[in-house]
Amino acid sequence: MGETASVGVLCWNTALYQQGNNRKPIDWEQVEQILDFVEEKIGHGDAVALLQELPYISNDTWKRHAVFGAFCRRFDPGHYDLIYHLSSRSQLLMTVALAPKGLLCRKRTQFDGNRKVTVTLTGVGLTVMAVHAANGQYNRPDLLSLCSAEGPMIAGDFNAGDYAGCGNRDAFQSLLAAGYCDACGGAVTTVYGTAIDHVLVRDLSRVKDLRIHSDVSLSDHFPITFRIVSE
């Protein structure tokens, strides 16, 4: 039998949108540390990043965000593929998929939007939807809409979880009832002690070596890394 193929994944709400928006100054040291962490995890050529809260347009200048420019310079298109959905020329933040060339390709779905992007990990033949669910009153309908997703994996910031005190716990539980398992096991994923970042997968055996990096405090969300293996 041949060796099982695998691809590493970094899933992280970077909170980079907070940098420079609402007239707050950009902490460039922190920005560079976040980009360093992403590059460390995917720069070896065998891993992809599913990142939330990457800024696109500044709500201060209403021009292309300086952090987005720094991101694109670090992960230049000659060596990396950056996939996102542009819903509006003035969109403020987005969810993106990033990888060294050849590891992923875009998959169009009904869920495409600035907070959702779907890609296929070519090395293992698995499709994953990277999400940053809506906040507040929009969270419940957003989560319930995902119950109609047929893909094998949904990963990212759901702004809800299966824990006591979560206002939309039942909506999140509907995703589990729809056939998804949470590879994070309900573990805390933010500095606030909440479990709102998840890796939902239909076949739990395909997720290996999952780690929540609670020692990394560059964002208010902890990075999550794992490996996906081929069937």
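Any value given below was found using the heavy atoms of this structure, including those in side chains, with hydrogens, waters and symmetry copies removed.
- Across every non-hydrogen atom of L35 and F75, the tightest pair is O-CZ, 3.8 Å.
- Residues passing the side-chain contact (heavy atoms from CB on, under 4.5 Å) test with S145, sequence neighbours excluded: F111, D142.
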Identify each donor-acceptor pair in which a side-chain atom of residues 89-97 lies under 3.5 Å from a protein atom, sequence neighbours left out, and give them as a table.
residue	atom	partner	partner atom	Å
S90	OG	S88	OG	3.1
Q91	OE1	S87	N	2.8
Q91	NE2	H85	O	3.4
T95	OG1	R115	O	3.0

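- Enclosure of atom CD in E231 is not indicated, since only 12 or fewer non-hydrogen atoms of other residues, nucleotides or ligands lie within 6.0 angstrom.
- Closest non-hydrogen pair, Q52 versus C11, comes out as NE2-SG, 3.9 Å.
- A salt bridge is absent between R106 and D112; no separation between the charged side-chain nitrogens and carboxylate oxygens falls under 4.0 Å.
- Between Y180 and H198, the distance separating the two ring centers is not shorter than 6.0 angstrom.
- Both the sub-6.0 Å distance and the 45° axial angle are not jointly satisfied by R211 relative to the ring of F226.
- Each of V131, N139, N13 was scored for a side chain to side chain contact (heavy atoms under 4.5 Å, CB included) with N159, with one residue passing: N139.
- The local environment of OH in Y138 is sparse, with at most 12 non-hydrogen atoms from other residues, nucleotides or ligands closer than 6.0 Å.
- For K107, the NZ atom is loosely surrounded, since the number of other residues' heavy atoms within 6.0 Å does not exceed 12.
- Of all non-hydrogen atoms in K116 and L146, the two that sit nearest each other are CE-CD2, 3.9 Å.
- Nearest heavy atoms, D60 versus G20: CB-O, 4.2 Å.
- Panel note: side chain H44, backbone D46; no donor-acceptor pair is recorded below 3.5 Å.
- Using cut-offs of 30° and 60° for the angle between ring planes, the Y56 and Y84 rings count as tilted.
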